[in-house]
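Beneath this line is the structure, given in structure tokens, with notes to follow.
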2 protein chains.
Amino acid sequence: MGQLPTVEDVARAAGVSRQTVSNVLNSPQIVKPDTMTRVKAAIAELGYRPHASARRLRTRKSSTIGVRLDPMTNGISGSLLDRFLHALTEQAAERDLRIMLFTAQGPDGEIDEFSRLRDGADVDAFVLTSTVHDDPRTAWLLEHDFPFVTFGRPSGADDRGDPIHPWVDVDGFSGAQQATSHAIAGGARRVGYIGFADESTTALERRAGWAAESAQHLGLDGAELDALSLAVVDGVPQGNAAALHLLGLPTPPDALVCASDSLALGAMMAAARIGRGELTVIGYDNTPVAAAVGLSSVDQPLDLVAQSALELLFGTSGSTIVSRIHSATDPLYRLLTPTLVARTPTQLARVETSGSPVAGNHNER
Amino acid sequence: MGQLPTVEDVARAAGVSRQTVSNVLNSPQIVKPDTMTRVKAAIAELGYRPHASARRLRTRKSSTIGVRLDPMTNGISGSLLDRFLHALTEQAAERDLRIMLFTAQGPDGEIDEFSRLRDGADVDAFVLTSTVHDDPRTAWLLEHDFPFVTFGRPSGADDRGDPIHPWVDVDGFSGAQQATSHAIAGGARRVGYIGFADESTTALERRAGWAAESAQHLGLDGAELDALSLAVVDGVPQGNAAALHLLGLPTPPDALVCASDSLALGAMMAAARIGRGELTVIGYDNTPVAAAVGLSSVDQPLDLVAQSALELLFGTSGSTIVSRIHSATDPLYRLLTPTLVARTPTQLARVETSGSPVAGNHNER
DNA sequence: GGATTTTGTTTGATCGTTCAAATTCTTGGT
DNA sequence: ACCAAGAATTTGAACGATCAAACAAAATCC
């Protein structure tokens with residue numbers, strides 16, 4: 001077994017020319033059925049596979065998508081992006097696309113990498129995650145007219161009517177609304193909300209979803225809603241503290257909707273501790289932790305997000321970049337709807353049944 | 001701005017030949033300082049970057065490492081592999097290597113992908129994770145003489161004296177030992193252990209580390225150790241149940257070492273519920289969850305794992321595969337030592353101080 | 001100083017594929 | 001039967017880089 005077989009070898013074995021072999025692979029419709037089978041047999045027998053780099057050199061496309069691996073571990077919810085990466089890799093495989101990872105220090109470093117990967121013809125497009133307002137990365141890519149999609153809508157702009165670039169996102173309004181609705185269906189009359197302190201679209205949307213549902217079905221006004229909600233930094237301790245605060249109010253909430261599973265986990269623990277283990281707590285992102293502790297959570301359809309992202313770049317099938325003109329029938333974005341995964345808290349449910357709530361205790365040292 | 005510049009363009013601009021430009025990039029030491037600067041200036045001015053695919057075609061190397069993205073989300077601990085992926089990507093970037101992801105259904109599908117990526121010259125080597133006993137993947141790669149490293153030692157074989165392939169692993173014995181030692185230092189006299197039910201090297205090692213430390217410093221014999229330990233499937237509910245069992249014994253343990261953070265989280269909750277919130281519980285893998293709930297945990301040095309993996313493939317520097325001959329001075333494996341991250345359970349500790357209000361601000365609007 | 005090595009640079013060939021144009025084979029109409 | 005038009009296939013060139021060998025220039029030797 002010396003060299004790997006090339007088109008030349010296959011051609012000789014099948015008694016045809018190079019180009020016909022190439023046609024069998026790339027333009028099957030123009031080759032006669034007869035020779036088709038003959039060539040295919042030769043390919044199978046020799047175990048031929050096209051040399052990816054040679055093809056890329058000639059066609060000037062890499063069939064590869066660049067994705068930056070975010071250096072910061074975003075705590076529990078960080079796994080969301082990892083799950084997205086999984087989904088993207090799988091969806092990409094179905095189109096014979098590959099995912100190439102890279103890292104970079106800050107936005108400037110990332111733009112450097114963009115430039116390097118573009119000039120080296122390493123990737124055909126980028127998928128960006130965790131974009132921010134006025135992101136310099138999207139600006140650079142737009143300026144250099146290089147294909148990309150973002151997971152997360154461009155904040156601030158008119159992202160629906162006239163999006164400045166393709167994006168995919170999951171409707172946070174709907175997610176929070178569903179969570180709230182579920183709490184109400186479970187008998188809650190006052191649903192509290194623990195959200196993010198930042199001004200991101202995500203943060204605003206989710207709170208708005210909770211507020212709208214609460215206003216419509218529980219008849220709460222703005223002031224009451226403000227009293228029932230808190231905006232904090234994401235994290236378990238923060239969720240814990242926030243829940244303790246809300247539950248300590250004169251008229252405390254009888255359910256809690258949280259903007260992340262981290263916050264929800266903290267809230268869950270707080271509730272259990274002060275003897276309110278029965279309290280409905282709903283998280284967001286449906287992370288493994290939520291599944292592990294039996295926490296209801298809003299699930300983002302990451303498979304669909306990945307699929308939609310590829311559709312925006314490559315069309316409904318194939319692996320060739322489509323230059324997209326924004327049209328009414330075929331918008332430049334996809335807004336997907338999340339679903340609520342309802343769970344019964346296996347862990348903490350036992351707390352209430354096992355009698356007295358625990359006064360947890362000091363750890364020495 | 002028409003075409004991207006090529007070596008030809010740079011050569012013309014600098015008044016030299018193609019090859020000299022190539023030498024400046026690949027063999028800087030053989031080119032005269034004078035022309036060197038001239039060529040470099042031309043490169044900078046034209047913004048030239050080598051075309052990766054063309055180079056790959058000629059050199060028959062891709063400077064790319066293939067990594068399979070495991071389809072199953074391994075619960076809380078699954079993020080360990082994601083963190084490894086981050087580390088690997090960063091380490092690879094320092095050597096101008098890239099990571100290419102792929103997915104596959106089962107070992108056979110993965111071998112298919114190996115074959116495809118190898119034949120297409122897409123990757124120079126593979127990094128394998130979560131290998132199993134008699135793994136067909138390593139067998140295939142060895143048979144086809146394709147470079148690879150595994151994260152995780154080949155179980156069963158004489159992995160140290162005469163390893164059948166390069167591997168990197170983290171010493172589970174030491175990790176469990178450190179965890180146990182830490183518990184003893186905290187005053188524990190009977191340290192319980194909740195481990196994995198499978199027969200993997202990992203499972204055996206970690207238990208052995210705990211057992212050795214307990215035997216040496218607490219004077220426990222085999223029977224006592226058996227009574228203090230339990231082997232279960234990984235997961236929060238399992239950890240919970242196991243902890244309840246152990247803590248319900250006539251002479252219960254006064255600390256628990258667990259083989260994963262999932263188990264530890266379950267154990268922690270169980271302890272808190274039955275009024276033993278002060279119980280020392282130690283997890284494994286130092287996942288975000290552990291950090292979030294303030295759980296001491298054994299941290300695997302994933303940066304070092306990644307770095308070592310690349311060293312085994314490419315030597316101490318550079319991006320060219322080295323065919324390695326096993327020698328005593330330069331072993332074919334790396335066994336790394338984990339470290340214990342000691343934490344005080346922030347969540348449960350805060351209960352006792354109980355009063356302190358919320359850190360977050362109210363949401364205005 | 002001339003022969004010999006060392007060092008630096010250039011030229012043709014090549015990697016494996018697809019494109020573009022040229023060629024041969026089919027088909028069908030009159 | 002003939003010729004035009006289409007279908008199927010073949011041939012030369014090109015993608016952008018590096019390799020190998022040839023060449024020119026400078027440094028070393030006796």
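Here the structure is a predicted model, which is why all the values come from computation and not from measurement.
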Do the ring centers of B:F146 and B:F114 come within less than 6.0 Å of each other? no

Only one of B:L88, B:V127, B:V149, B:V168 clears side chain to side chain contact (heavy atoms under 4.5 Å, CB included) with B:V305; which? B:V168

Assign A:S53 to base, sugar-phosphate, or nothing according to its heavy-atom contacts below 4.0 angstrom with the strands shown. nothing

How close or far is atom P of D:dG6 from atom CD of A:Q29, stated in whole angstroms? 18 Å

CG of B:D34 versus C1' of D:dA25: gap in Å, rounded? 14 Å

How would you give the extent of chain B contacts on DNA chain C, as first and last nucleotide 5' to 3' within a 4.0 Å heavy-atom cut-off? C:dG8 to C:dG16

What's the verdict on side-chain contact (heavy atoms from CB on, under 4.5 Å) for B:L25 and B:V39, showing C-alpha distance, side-chain angles and the deciding distance? CA-CA 10 Å; B:L25 271 62; B:V39 172; 5.7 Å; no

Take the C1' atoms of the five end pairs on each side of the helix from C:dG8-D:dC23 to C:dT30-D:dA1, get both axes, and report the angle to 10 degrees. 40°

Under 4.0 Å between a side-chain nitrogen and a carboxylate oxygen: does that hold for B:E113 and B:R68? no

Closest to the 5' end of DNA chain C, once A:K32 and B:I30 are matched to their nearest nucleotides, is B:I30

B:K61 atom NZ, over 12 foreign heavy atoms within 6.0 Å: yes

Once side chain to side chain donor-acceptor pair (under 3.5 Å) is applied, do any residues pair with B:R137, and if so which ones, sequence neighbours excluded? B:E110, B:D135

Determine whether any donor atom in the side chain of A:R58 lies under 3.5 Å from an acceptor atom in the base of D:dA14, or the reverse, and answer yes or no. yes

Minimum side-chain heavy-atom gap A:P154-A:T131 below 4.5 Å: no

